[in-house]
Amino acid sequence: DAGVTQSPTHLIKTRGQQVTLRCSPKSGHDTVSWYQQALGQGPQFIFQYYEEEERQRGNFPDRFSGHQFPNYSSELNVNALLLGDSALYLCASSFLLQGSETQYFGPGTRLLVL
Amino acid sequence: GENVEQHPSTLSVQEGDSAVIKCTYSDSASNYFPWYKQELGKGPQLIIDIRSNVGEKKDQRIAVTLNKTAKHFSLHITETQPEDSAVYFCAASWNYGGSQGNLIFGKGTKLSVKP
């Protein structure tokens, strides 16, 4: 059973560019959450997708947008990249069972903005 | 909003000793508290979690305790081994529209186990 997968593993962009990161959830999971992890910090919640809609959103500007596809995979898009967007971007998938939901993380995409 | 504080930021123990990491949370509505282990270059891996209707949970060498009144929870690792060396994160979450809300993470504890 494959876990959460993310692509690409590493990415280098320049300021002002746009980037798209991809995530495939764990088999049987229908919810995808995205987190940003700066170096030496804990992950920070960006947003969560369920049934192809954004269900929750953290304190991130609207330069950060996402999408969920019918097969539950998801994309994170960041426009007008800033140096401060350099971070590890983590995708987590989950499935609601009897009122509880456990998030499982992928390996992340490391983004460097120059 | 919810805030999670984690201590200590670094912890060094001798192989075979116990390690304890403590977290406090601010929002009494939080009801789910997972712990993640993150090794260098990898994503966080869930190691144990606890819900607010339980005071303690154990899985082999790892245990978590929760004190809802004081709003704090702790991770206990016994008989530590070098492979336990990693960064450990605590997190808190709450019910959101019938599902689980997003996770709020602490800043992490870097655990080093010396052989």
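What's counted below: heavy atoms across the whole structure, side chains too, no hydrogens, waters or symmetry copies. As the structure is a prediction and not an experimental result, all values here were calculated from the model. The sequence lines fix the lettering, A, B, ..., with proteins before strands; numbering per chain opens at 1.
Separating the CZ atom in B:R51 from the OG1 atom in A:T102 is a distance of 5.0 Å, to the nearest 0.5 Å.
By the neighbour-count criterion of 12 heavy atoms within 6.0 Å, atom CD of B:Q14 is densely surrounded, having more than that number from other residues, nucleotides or ligands. Annotation: A:R15, atom CZ; neighbour count of heavy atoms from other residues, nucleotides and ligands within 6.0 Å does not exceed 12. Residue-environment remark: CG (A:D62) stays at or below the threshold of 12 foreign heavy atoms within 6.0 Å. Residue A:L114 places its CG atom among more than 12 non-hydrogen atoms of other residues, nucleotides or ligands, all under 6.0 Å distant. Counted within 6.0 Å of CD on B:E83, heavy atoms from surrounding residues, nucleotides or ligands total more than 12; the atom is thus considered enclosed. Within 6.0 Å of atom CD in B:E15, more than 12 heavy atoms from other residues, nucleotides or ligands are found, so the atom counts as buried in its surroundings. Within a 6.0 Å sphere centred on NZ of B:K107, heavy atoms belonging to other residues, nucleotides or ligands number 12 at most. Within a 6.0 Å radius of CG in A:L83, other residues, nucleotides and ligands contribute more than 12 heavy atoms.
Contacts between B:L103 and chain A at a heavy-atom distance below 4.5 Å involve backbone atoms as well as side-chain atoms. For B:Q38, the part sitting under 4.5 Å from any heavy atom of chain A is the side chain, from C-beta outward, and nothing else. For chain B, no part of A:Q44 is nearby; none of its heavy atoms comes within less than 4.5 Å. Contact annotation for A:Y35: only side-chain heavy atoms (C-beta onward) come within less than 4.5 Å of a heavy atom of chain B. With a threshold of 4.5 angstrom between heavy atoms, B:P44 approaches chain A through its backbone and through its side chain.
Across A:Q48, A:Q41, A:Q6, the residue that shares the most heavy-atom pairs under 4.5 angstrom with chain B is A:Q41.
When every heavy atom of B:G43 is checked against every heavy atom of A:L90, the shortest pair comes out as CA-CD2, 4.0 Å.
Contacts between residues 103-110 of chain A and chain B, defined by a heavy-atom separation under 4.5 Å, are made by A:Q103, A:Y104, A:F105, A:G106, A:P107.
The hydrophobic clustering, which links ILVMFWY residues whose side-chain heavy atoms are closer than 4.5 Å, places B:V54 and B:W94 together. Residues A:F95 and A:Y50 do not share a hydrophobic cluster, clusters being chains of Ile/Leu/Val/Met/Phe/Trp/Tyr side chains in contact below 4.5 Å.
The one candidate from A:W34, A:F45, A:F47 that meets the side-chain contact (heavy atoms from CB on, under 4.5 Å) condition with B:N102 is A:F45.
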